[in-house]
Amino acid sequence: MTHTQPRAILLFSGKRKSGKDYVADLIQHRLTAEVCCILRLSAPLKLQYAQDHDLDYEQLLGCGQYKERHRVEMIRWGEMRRRQDSGFFCRLAVQHATRPVWIVSDCRRRSDVQWFRQEFPGRCVCVRVEASEQTRSQRGWRFTTGVDDAESECGLDEGLQFDWILQNDGEHERLEKQLEELLSSLPRT
Ligand SMILES: Nc1ncnc2c1ncn2[C@@H]1O[C@H](COP(=O)(O)OP(=O)(O)O)[C@@H](O)[C@H]1O
Ligand SMILES: C[C@@](O)(CCOP(=O)(O)OP(=O)(O)O)CC(=O)O
């Protein structure tokens, strides 16, 4: 099945452990799963990478050491595929999306955002999720050379105008208020 036309696409970016998945889940919970689906560019990437390298896809999806062991090589491989076709993973990620609101929870590169803006003009909302280094460390983040200083993590640090910047340092009330504003700004039909 091919995807339907979405009403809005929330393009999430942010550092590791800023809480992109957490916030995406909160929004989906508010809108319900009938209205909102969560898409990950890393899912088709990991699937293809696992198949090509005879690895365990489920373990690459998890958050254990298995993924970390393969991360640097996977980044490199993904970059190679993107150089051949910058929309490769984006196209696969949206393939079966049929809900009116999509959240793409892991945009990392300019080319990701460009692809969505080109394919779905006027429907993309760029959302940055932010948390302090202290908060991210408390959530288990440790600086890793080759990962945290590479395009995979820094590609959208500069040059992109975010429509929303969500502060996610753990103050629940504050986050809820920001989500309220964001959601009420989305088109209703
Ligand atoms: N506002 C929050 N309150 C409580 N826990 C949070 C909050 N935001 C994130 N977390 C927790 O921090 C960890 C990292 O969040 P996650 O959404 O996986 O980050 P990311 O997807 O940006 O790497 C998870 O265990 C998540 O449950
Ligand atoms: C090769 C990757 O897609 C791996 C991403 O895996 P996750 O999205 O699971 O990563 P974190 O949330 O940062 O831990 C990165 C890329 O550069 O495309």
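Order of appearance sets the numbers: ligands from 1, and atoms from 1 within every ligand.
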Can you report which non-hydrogen protein atom sits closest to [atom], along with the distance?
| atom | value |
| --- | --- |
| atom 18 (O) of ligand 2 | R82 NH1, 3.3 Å |
| atom 5 (C) of ligand 2 | R108 NH2, 3.2 Å |
| atom 17 (O) of ligand 2 | S152 OG, 2.9 Å |
| atom 11 (P) of ligand 2 | R71 NH2, 3.5 Å |
| atom 3 (O) of ligand 2 | S42 CB, 3.6 Å |
| atom 4 (C) of ligand 2 | M74 CE, 4.0 Å |

Practice prompt. Decide whether an N or O pair under 3.5 Å exists between L175 and ligand 1.
Written response: no
Worksheet item: For ligand 1, is there an N or O atom under 3.5 Å from any N or O atom of R16?
Response: no
Got a sec: does the [atom1] of [X] have more than 12 other heavy atoms crowding it under 6.0 Å?
| X | atom1 | result |
| --- | --- | --- |
| Q118 | CD | no |
| E133 | CD | no |
| Q51 | CD | yes |
| Q84 | CD | yes |
| E173 | CD | no |

Worksheet item: Does the protein put a heavy atom under 4.0 Å from atom 2 (C) of ligand 1?
Response: yes
Discussion item. Would you say atom 25 (O) of ligand 1 makes contact with the protein, given that contact here means a non-hydrogen protein atom less than 4.0 Å away?
Written reply: no
Item to complete: Give the intermediate values and the outcome of salt bridge (charged side-chain N to carboxylate O under 4.0 Å, His left out) for residues D163 and R128.
Response: CA-CA 8 Å; D163 298 299; R128 184 71 165 181; over 6 Å; no
Worksheet item: Looking at ligand 2, does K67 have a heavy atom less than 4.0 Å from it?
Response: yes
Worksheet item: Mind checking whether R40 has a heavy atom under 4.0 Å from ligand 2?
Response: no
Provide the number and element of each atom of ligand 1 under 4.0 Å from a heavy atom of [X].
| X | value |
| --- | --- |
| G19 | 9 (C), 15 (O), 16 (P), 17 (O), 19 (O), 20 (P), 22 (O) |
| K17 | 14 (C), 19 (O), 20 (P), 22 (O), 23 (O) |
| S18 | 22 (O) |

Worksheet, complete the sentence: Result for side-chain hydrogen bond (donor to acceptor under 3.5 Å, both in side chains) between E130 and one of K15, R136, Q167 points to Q167
Item to complete: Would you mind telling me which of R76, R71, R69, H70 makes a side-chain hydrogen bond (donor to acceptor under 3.5 Å, both in side chains) with E73?
Response: R76
Fill in: Salt-bridge criterion met for R82 and D112 (N-O under 4.0 Å)
yes
Discussion item. Between R16 and T144, do the side chains contain a donor N or O and an acceptor N or O under 3.5 Å apart?
Written reply: yes
Worksheet item: Should R108 and E153 be marked as a salt bridge (charged side-chain N to carboxylate O under 4.0 Å, His left out) after you check the CA-CA gap, both sets of side-chain angles, and the distance that decides it?
Response: CA-CA 6 Å; R108 294 167 184 274; E153 283 299 311; 3.1 Å; yes
Worksheet entry | Steps toward salt bridge (charged side-chain N to carboxylate O under 4.0 Å, His left out) verdict (R142, D148) | CA-CA 9 Å; R142 295 290 172 270; D148 292 295; over 6 Å; no
Proximity to ligand 1 by part of [X], non-hydrogen separation under 4.0 Å:
| X | value |
| --- | --- |
| K20 | both |
| N168 | side chain |
| K15 | backbone |

Worksheet item: In terms of atom number and element, which parts of ligand 2 are under 4.0 angstrom from non-hydrogen atoms of L45?
Response: 1 (C), 3 (O), 18 (O)
Worksheet item: Can you find an N or O of R16 that's nearer than 3.5 Å to an N or O of ligand 2?
Response: no
Practice prompt. Return a yes/no value for K46: is any of its N or O atoms, backbone included, closer than 3.5 angstrom to an N or O of ligand 2?
Written response: yes
